[in-house]
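One structure is given below, encoded as structure tokens.
Values below: every heavy atom of this structure, side chains too, minus hydrogens, waters and symmetry copies. Note that this is a predicted model, so its numbers are computed, not measured. Atoms within each ligand, like the ligands themselves, are counted from 1 in listed order.
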Amino acid sequence: MDDCIIIGGGPAGLTAAIYLARFHLRIRLFDCGSSRAALIPCTRNHAGHPDGIPGIDLLLLMRRQAERFGVVREAAAVEAIELEDGRFTVVVGGARHPARAVLLATGVVNHRPAMDPALHDRALAAGLLRYCPICDGYEVTDKRVGVIGTGDHGMREALFLRGYTRDVTLIAPDGAHGLDPACEAKLDEAGIRHVDGPCGGWAIEGERLALDTAEGRQDFDSIYPALGSHIRSELAVAAGARASDEGCLEVDDHQRTSVPGLFAAGDVVKGLDQISHAMGEAGVAATAIRNLLAEQRPLWR
Ligand SMILES: Cc1cc2nc3c(=O)[nH]c(=O)nc-3n(C[C@H](O)[C@H](O)[C@H](O)COP(=O)(O)OP(=O)(O)OC[C@H]3O[C@@H](n4cnc5c(N)ncnc54)[C@H](O)[C@@H]3O)c2cc1C
């Protein structure tokens with residue numbers, strides 16, 4: 001039986017793996033290879049990398065560090081977490097893996113605008129499309145910025161970006177029209193333009209990303225989709241863990257979910273979706289897991 005099975009090999013899962021392996025615990029890590037960190041062309045707000053670092057390089061370094069302590073990343077998607085008499089069984093490809101504790105670090109997936117996937121990836125790599133103003137709003141300082149979104153969520157993202165540039169336009173996605181008067185008033189006060197979609201006809205034109213709006217074709221130095229995310233918490237929720245209406249897992253100060261022995265860290269948990277936060281939560285979770293296991297049997301050498 002493994003001491004702990006980690007589900008997810010992004011910054012949260014890999015940090016936990018490094019800690020748990022260094023606690024001399026018997027662990028297993030399953031990862032289906034779709035970390036949000038792998039989409040980062042170059043992160044410049046992650047401390048310790050003054051010239052920035054591409055997300056895939058950061059993941060590679062973390063994987064290498066984990067391997068040094070014996071962690072093996074098994075490339076597979078976990079299908080279920082079952083719980084019986086305080087013991088977990090993690091189901092992967094029909095195989096059943098028993099474990100004393102489980103850490104869920106499965107992250108989230110951003111909803112994308114309706115555009116050709118190859119164009120999406122090119123625009124993302126070039127910084128024409130961005131998903132995280134906290135991460136890279138600095139890079140659009142004094143640039144021409146579009147936000148795809150509506151309602152409260154779109155308004156908040158546009159207002160946040162207004163802290164970097166005076167040239168912000170909020171564009172309603174296809175099918176969504178209008179904003180309530182309170183949102184409109186806040187946008188007007190901040191000098192943020194708001195227009196309806198359709199948000200089609202995406203193309204890279206020169207150095208900019210262009211699209212169709214109700215007021216004609218517009219182009220931007222960067223566009224931020226603010227269309228929400230899918231929270232990958234289903235495995236934990238099916239095992240009985242409490243989550244918010246959007247699906248973010250609820251945890252206590254030790255990253256414990258409402259199911260004893262089931263822990264969670266990173267974007268899948270309600271909180272700041274950042275690498276530093278994912279790593280911090282993973283360190284807390286790993287230490288709490290170690291101490292829980294020590295209550296069950298001595299971990300002496
Ligand atoms: C374009 C972009 C730019 C960003 N820039 C920055 C930045 O500059 N700075 C910053 O701090 N943050 C940035 N972020 C946010 C950052 O990527 C996330 O906060 C971070 O990756 C969260 O780590 P995580 O381990 O919680 O989740 P993830 O990195 O998403 O990892 C989750 C892992 O779980 C795996 N998984 C999911 N379900 C299963 C399953 N059933 N079985 C097995 N494995 C599973 C996935 O394959 C994935 O590898 C950016 C995000 C994006 C999209």
Go through it in stages, so that I can follow the logic: the residues are Asp116 and Arg122, the test is salt bridge (charged side-chain N to carboxylate O under 4.0 Å, His left out), and I'd like the CA-CA distance, side-chain angles, deciding distance and then a yes or no. CA-CA 10 Å; Asp116 170 61; Arg122 266 194 296 136; 5.6 Å; no
Quick check on contacts: which atoms of ligand 1 are under 4.0 angstrom from a heavy atom of Ile7? 40 (C), 42 (N), 43 (C)
Tell me, please: is His46 in heavy-atom contact with ligand 1, that is, under 4.0 Å? no
Using a 4.5 Å side-chain heavy-atom cut-off and chaining through intermediate ILVMFWY residues, the residues clustered with Phe88 come out as Ile5, Ile7, Phe30, Val78, Ile81, Leu83, Val90, Val92, Val102, Leu104, Val108, Ile231, Leu235, Val237, Leu249, Val251, Val259, Leu262, Val268, Val269
Per-atom contacts of ligand 1 with Asp273, taking only distances under 4.0 Å to non-hydrogen atoms: 15 (C), 19 (O)
With distance as the sole criterion, is a donor-acceptor pair present between the side chains of Arg36 and Ser229 under 3.5 Å? no
Given Cys135, Ala264, Ala75, identify the one with the heavy atom nearest to atom 14 (N) of ligand 1. Cys135
Atoms of ligand 1 close to Leu235 [distance to a heavy atom under 4.0 angstrom, numbered from 1]: 41 (N)
Atoms in ligand 1 flagged as close to Gly266, the criterion being non-hydrogen separation under 4.0 Å: 26 (O)
Heavy-atom proximity to atom 21 (O) of ligand 1, picking from Ser34, Ala37, Ala76, Ala16, points to Ala37
Only one of Met1, His97, Glu82 passes side chain to side chain contact (heavy atoms under 4.5 Å, CB included) with Thr89, and that residue is Glu82
Per-atom filter on ligand 1: closer than 4.0 angstrom to a heavy atom of Ala105 are 32 (C), 33 (C), 34 (O)
I'd like to check which ligand 1 atoms, numbered from 1 as shown, lie under 4.0 Å from a non-hydrogen atom of Thr43. 7 (C), 8 (O), 9 (N)
Sub-4.0 Å atoms of ligand 1 with respect to non-hydrogen atoms of Ala12: 25 (O), 26 (O)
Tell me, please, which residues at least two apart from His153 pass ring pair (Phe, Tyr, Trp, His ring centres under 6.0 Å). none
Closest to atom 4 (C) of ligand 1 by heavy-atom distance, out of Val90, Ile53, Leu124, Ile40, is Ile40
What is the nearest protein non-hydrogen atom to atom 16 (C) of ligand 1, stated with its residue, atom name and distance? Ile275 CG1, 4.0 Å
So the atoms of ligand 1 within less than 4.0 Å of a heavy atom of Gly33 turn out to be 47 (O)
